[in-house]
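Please read the structure below before turning to the comments.
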Amino acid sequence: MDSAVFTPEAAYTLDQLEAKFPPRDLPAGACVTRFGPSPTGFMHIGGLYTSLVSRRLAHQSGGKFFLRIEDTDKKREVEGTVDLILASLATYGLSPDEGEIADGQEVGAYGPYRQSERKPIYQSCVRWLLDQGHAYPCFATADELQALRDEQTKRKVPPGYYGAWAIWRDKSADDVAAALAQGLPFVIRLRATGGRDERVTLPDTIRGDLEFPANQTDVVLLKADGMPTYHLAHVVDDHFMRTTDVIRGNEWLASYPMHAQMFALFGWAPPRFAHISPIEKQDGGSRRKLSKRHDPEASVGWYMEAGYPLGAVTEYLLNLIDGRFEDWRAANPDLPNTEFQIELERMSRSGALFDLVKLDSVSREVVGTMSARAIYDAALVWASGHDPEFAVRFAADADYSQRIIDIERHGERPRKDIVRWDQLPADIGYFFDDRYAELLGEAKETFAALQPAPAEGLLAAVAEGYDPALERDQWLEWLRDLGLTFGYAPNAKTFKQAPDQYRGHFGDLASVLRVALAARRNTPDLHEMMQVLGKERVVTRLTAAIGW
RNA sequence: GGCCCGUUCGUCCAGUGGUUAGGACGCGGCCCUUUCACGGCUGAAACACGGGUUCGAAUCCCGUACGGGUCACCA
């Protein structure tokens, strides 16, 4: 039987492919890694995690990181996913060196980088396997396969298409020709070579040597539509794309024996493997993988919407990769995190629980090291996409916005209360007059509820006497003195010693000003806030509040 | 069910035969303080269990339990 019938799109011999995709010219020790997502409408945080590991490993060794779109299942494909993947990677600084880099645009000499466009390559390899007797066509129907499984379950033997259960494994050429003549759909299966007690060992970079029973299953290589299964595509692609390190989720551990067998049959040296544990989530008493359905934080889109700065997600993930990152960061507060060398060998073998609280803490630190300008730029990009109304305000006066951001962020102990950009509209909205106007209603309520009630004439006096030229200390002294004339003790201690002699203490006075100026009781340093607002706004707002 | 993987404070990690089992986040307390933060100090908090090996085990071996993965023409 001519194998061409089963692989109509085959176009090369193995030798031709070897010549077409020669070994890469890279320095010794350089790692070539890849990320191979299927475009099913979603970018999982785990994909970002794997990409981070892969890309860092490649780059710190002088190698390459490429993106391969694994779109061999046309049923599950969701349009637009590739753009989403590209945007996600780009947002967190993980753009690939090779592969699709923009809509339909590819770079790199080992393409095409979409598996759906590599059919001739897969079929060429399968044809060789067929010719060698290492693969064969199978015309079993879904019903027949189901019946097989039912029988296996009944007989309590391992389910699967193997050995004597592999009904098409040893069919005669006549049977095959007959099925073909009827136009029956077929798949191509591997003729498994694993012996009954044979074992294979996987030298996993993270986990050390792992041992499994050798593969005995005649796994499907080519589906009825002529597309490869993951197994075939992985082996063929990672060989011809010259991947040195396959970094993938540990759900692939169990299929390693199949892959190993195929590499051996082709006579190819397998790459190194590193199976990483998935990021999990606490769910009641147990833990499970972060799921697309139940956990919004499973999607990279969630982090983009929340406006976590690039570095925050990266550094949090780096922490999961190697706990020593934290120590490194503490010792090197100013170095870019790309300087941190990751080591696969040090990765945890068990799955890490995703901890949003920790992420926030990391983010706080990351934002803490950013300049007001950098925060402004990043937050504006976020706002443009997620809060247009705020974006307009924020962009209207870039200098004003940056001074707002910079409040209490300079000096020895910078304020670290920004975690994600989406908190900004609520946190600093009151600085903008149009937003402040919208907050007036609640401001009045808060003002009316103030205890002790604001002293008559206080607002007018502050508005009257406010001198923005005063340094913080002088200003404080001035305000304390002024407060005293309205019955506010200069500090809490004095007040506590003689509560009946005062209306309240300095903190109460500050609250009055805060509510009038910011429509809330909690604000950053009052002095600095007033400086940024500027005398005009301060006077206007205080004066308007006199009637509250 | 078979096969495989995993198990140190609530969480993330250090620890590779001899440590008062360390750090970070979170939590409690104290301090600083014009509110909220920041910061400083401090406290509570863990080697899944049972057997070995050893002078000595979180570290090595075996078993148990509990989690997880996988057994598709999905990746």
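Chain naming here is simple, since letters A, B, ... match the order of the sequence lines and numbering starts at 1 in each.
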Inset, instruction - Could you verify whether a donor N or O on one side chain and an acceptor N or O on the other, from A:Asp73 and A:Tyr230, lie under 3.5 Å apart? - result: no

Between the protein and nucleotides 1-3 of chain B, list every N/O to N/O distance that falls short of 3.5 Å.
none

Legend entry - Base paired to B:G39 (Watson-Crick or G-U; both N/O distances under 3.5 angstrom): B:C31

Legend entry - Any N/O donor-acceptor pair, A:Arg521 side-chain to B:U34 base, under 3.5 Å: no

Inset, instruction - Look at the side chain of A:Arg514 against the base of B:U34 and say whether a donor-acceptor pair falls under 3.5 Å; ignore hydrogens and angles. - result: yes

Inset, instruction - Decide whether A:Asp237 and A:Tyr122 meet the rule of one side-chain donor and one side-chain acceptor closer than 3.5 Å. - result: yes

Sort me out a list of protein N/O and nucleotides 8-16 of chain B N/O pairs below 3.5 Å, or just none if empty.
from, atom 1, to, atom 2, distance (Å)
B:C12, OP1, A:Arg287, NH2, 3.1
B:C12, OP1, A:Leu353, N, 3.0
B:C13, O2', A:Gly323, N, 3.4
B:G15, OP1, A:Arg346, NH2, 3.4

Inset, instruction - Show the numbers, then the answer: is there a side-chain hydrogen bond (donor to acceptor under 3.5 Å, both in side chains) between A:His134 and A:Gln261? - result: CA-CA 11 Å; A:His134 293 142; A:Gln261 198 163 83; over 6 Å; no

Legend entry - Qualifying residue for side-chain hydrogen bond (donor to acceptor under 3.5 Å, both in side chains) with A:His234, from A:Glu70, A:Arg248, A:Gln115, A:His239: A:Arg248

Inset, instruction - Return the orientation label for the A:Phe354 and A:Tyr316 ring planes: parallel under 30°, perpendicular over 60°, tilted otherwise. - result: perpendicular

Legend entry - Nucleotide forming a Watson-Crick or wobble pair with B:C74, both distances under 3.5 Å: none

Legend entry - Minimal non-hydrogen separation, A:Phe273 against A:Pro270, with atom names: CE1-CB, 4.3 Å

Legend entry - Closest approach of A:Asp218 to A:Ala166 (non-hydrogen atoms, all atoms of both residues): OD2-CB, 3.6 Å

Inset, instruction - Provide, to the nearest angstrom, the distance between the CG atom belonging to A:Asn250 and the P atom belonging to B:C5. - result: 11 Å

Legend entry - Where the chi angle of B:C31 falls, syn if within 90° of 0 and anti if not: anti

Inset, instruction - Check whether more than 12 heavy atoms from other residues, nucleotides or ligands sit under 6.0 Å from atom NZ of A:Lys292, and answer yes or no. - result: yes

Inset, instruction - Check the angle between the aromatic planes of A:Trp252 and A:His259 and answer parallel, tilted or perpendicular using the 30° and 60° thresholds. - result: tilted

Inset, instruction - Please determine, for B:A46, whether a Watson-Crick or G-U wobble partner exists with both distances under 3.5 Å, and give it or none. - result: none

Inset, instruction - Can you tell me the pairing partner of B:G67 across any strand shown, Watson-Crick or G-U wobble, with both distances under 3.5 angstrom? - result: B:C5

Inset, instruction - Figure out the CD1/P separation between A:Ile418 and B:C38, and round it to whole Å. - result: 13 Å

Inset, instruction - Counting heavy atoms from C-beta on, name the nucleotide in B:C25, B:C38, B:C73 closest to the side chain of A:Arg189. - result: B:C73

Inset, instruction - Under a 3.5 Å limit for both distances, which nucleotide forms a Watson-Crick or G-U wobble pair with B:G26, could you say? - result: none

Taking only N/O atoms, report every protein-nucleotides 58-63 of chain B pair under 3.5 Å with atom names and distance.
none

